[in-house]
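So you know, we letter chains A, B, ... as the sequences are listed, proteins then strands, and number each from 1.
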Number of protein chains: 2
Amino acid sequence: MDLSSIEIFLAVASDRSVTKAAKAVGRVPSNVTTRIQQLEEDLGACLFSRDGKKMTLTREGETFLAYANRLMALALEARQAVRPLAPSGTLRVGTMESTAASRLPAALTQFNQMWPDVSLHLTMGASRDLARNVLADVLDCALIARPPKTMREEDLDFDAELEALEMETVFVEDLLIVLPSGHPAIKSAADLRVGSLAALEPGCTYRRIAENWARKTSALSTSELGSYHAILASVATGNTAGVMPRSVLDLMHWPTAVQTHQLGPVETLLVYRKDDCPSAFSAFHEVLGATKGRDVRLAAN
Amino acid sequence: MDLSSIEIFLAVASDRSVTKAAKAVGRVPSNVTTRIQQLEEDLGACLFSRDGKKMTLTREGETFLAYANRLMALALEARQAVRPLAPSGTLRVGTMESTAASRLPAALTQFNQMWPDVSLHLTMGASRDLARNVLADVLDCALIARPPKTMREEDLDFDAELEALEMETVFVEDLLIVLPSGHPAIKSAADLRVGSLAALEPGCTYRRIAENWARKTSALSTSELGSYHAILASVATGNTAGVMPRSVLDLMHWPTAVQTHQLGPVETLLVYRKDDCPSAFSAFHEVLGATKGRDVRLAAN
DNA sequence: GCTTTAATTCCGGAAAAGAGATTTTTCATT
DNA sequence: AATGAAAAATCTCTTTTCCGGAATTAAAGC
């Protein structure tokens, strides 16, 4: 039983999918399958029940999940406790709205508890702007969405900027189109019966992915809103379709089960300059890595 | 950072020696050195200070030790929590006096907390008798001393009995001759200025090792005593030399620093029948493995 | 029923772990 | 000091394990 197995287990448990989990932990699905099987054999218990293509935790899996979280937290604490030079000073972190809402709360709480001497400056923004600010040393690091390959080829500037930075996948989001209640299911943008798309600012990668998807088959306008709450409210009026990751939608326990359409997985990257790596950043990096895949689920409980 | 590294770390920390630790965890010294170095590199901190041939924990090493113990305990608990069939019934465990005194308390406490439904029958005895009782199904398992190779060759019966059992090294004891205060240092039994050796019953492996050592150069009688406390008391009178492992001596915070002579390392084996493996035994086995190398030190704190 | 998607199985290459031999350092003894 | 024994570190070689890709199987959606 090593901690990487537990990381993999947590990813599968939270995504209920080996494919997604594999992306989240930067491995290949077959490897995830194998490691889970090894873990189950080692423990002598069945952690997941494979009904169909869903991976649901068994009774034992649920109890192990609690321990897995505690083990990861304890290992993280141990790691931080022996850190030779205690981080201090200021750390300037850029993040997308969505990540700040769904993924960061737990990590930030833990980080703040552990290193109260670091003053953490959080800046929200669109992925493009954030990446530029990291390059320009306005930010120390940022959490941004990686555009899919086809979009990167259309926007070589952004791609070049990313290449100049160190990057690492930390989350994988399911990007959704959220439809008004009562709207029929859709296969493509042509089936949309709304007047516009509701999204954040123009530099937002999610917005651009959605616009790319929409313009193939229809000519929708985009209405720009300031927050995901505003987007959902706008969807509720019945005449717009919202764009947001599933993790954000999950947070906003919306009264009725909403109709959604998947645009596919989008990776969230942690980017930082190749040269500099202050102590506070290493600590943040570590906390982020250890808490990933735990936040949304914990909040849901 | 995987749990096997932590197990190795705990062994080195408690033995303050990579050679001893290597034996305790069933590995080769070069491997232990490497794993410790890897762990230090991974944590980015120096865990041990190598002053000469001693491995002493650094400040960071001490703090990591606390976490290492908690991690092992938590991992053990996780393992037990998902055990499909909760152990119950009776488990008959045989043990040497010395092991019962120095190594078992922590393991038994933990086991009892975890599985209050198992009634644990503890039998003390000499290694030979214990091994026979396991073979005869009077005991489910036993902790016994493995005689050194030369002695095994003189006692083929015992050796054959051991071969018929499953066995596993769980501890490594430093076997000592304890001398009365004021006795000069000795190189061999010829230098002894006492009338007799104080030891336990004839079937005791430690006693036989000491007698073997003594008879090479001198003709000492053995006085048989019922407990290690009695042996130490007898040594205190000035006319006997006691035989006991260092871990036992450490427990009995003896007023004055006593003079000792090393007879060398002796492995403690957990033996059990090859065929049968009841649930309660697996649980005991697991607890024993996870708590090893932690007890004496914890008691000393 | 066919297509798509996801999980698993199988296999070859790569990386890491373990064991033994060798070297270096240290401690004890002369 | 010089010598010898013992222990840790280093090095090299072998073995094992791990990882990624291709093929396979099974389930869900149309």
| query | Residues in ring-ring contact (aromatic ring centres under 6.0 Å, His included) with Phe48(A), at least two apart? | reply | Phe9(A)
| message | Walk along nucleotides 7-19 of chain C from 5' to 3' and tag each nucleotide B, S or - by protein heavy-atom contact under 4.0 Å, base first, then sugar-phosphate. | response | SBB-------SSB
| task | Compute the bend angle of the helix from dG1(C)-dC30(D) to dT30(C)-dA1(D) from the end axes (five pairs per end), rounded to 10°. | result | 40°
| request: Name all residues meeting the salt bridge (Lys or Arg N to Asp or Glu O under 4.0 Å) criterion together with Glu60(B); count only those two or more places apart in sequence or in a different chain, and write none if there are none. | output: none
| message | Going by side chain to side chain donor-acceptor pair (under 3.5 Å), name the residues that satisfy it together with Glu7(B), two or more places apart in sequence or in a different chain. | response | none
| query | Less than 4.0 Å between a side-chain N and a carboxylate O, is that true for Arg35(B) and Asp2(B)? | reply | yes
| note | Ile36(B) CD1 to dA7(D) P, in whole Å, measures 17 Å
| query | salt bridge (Lys or Arg N to Asp or Glu O under 4.0 Å) with Arg193(B): which residues, sequence neighbours excluded? | reply | none
| said: Expressed as a whole number of angstroms, how long is the span from Asp174(B):CG to dA6(D):C1'? | reply: 14 Å
| message | The criterion is side chain to side chain donor-acceptor pair (under 3.5 Å); which residues satisfy it with Glu211(B), sequence neighbours excluded? | response | Arg207(B), Thr222(B)
| query | Rounded to whole angstroms, how far apart are CD on Gln262(A) and C1' on dT5(C)? | reply | 11 Å
| field | Those residues that, when tested against Thr19(B), pass side chain to side chain contact (heavy atoms under 4.5 Å, CB included) (two or more places apart) | value | Ser17(B)
| task | Check the distance between dC18(D)'s P and Glu7(A)'s CD and give it to me in whole angstrom. | result | 15 Å
| side chain to side chain donor-acceptor pair (under 3.5 Å) partners of Glu77(B), counting only residues at least two apart | Tyr67(A)
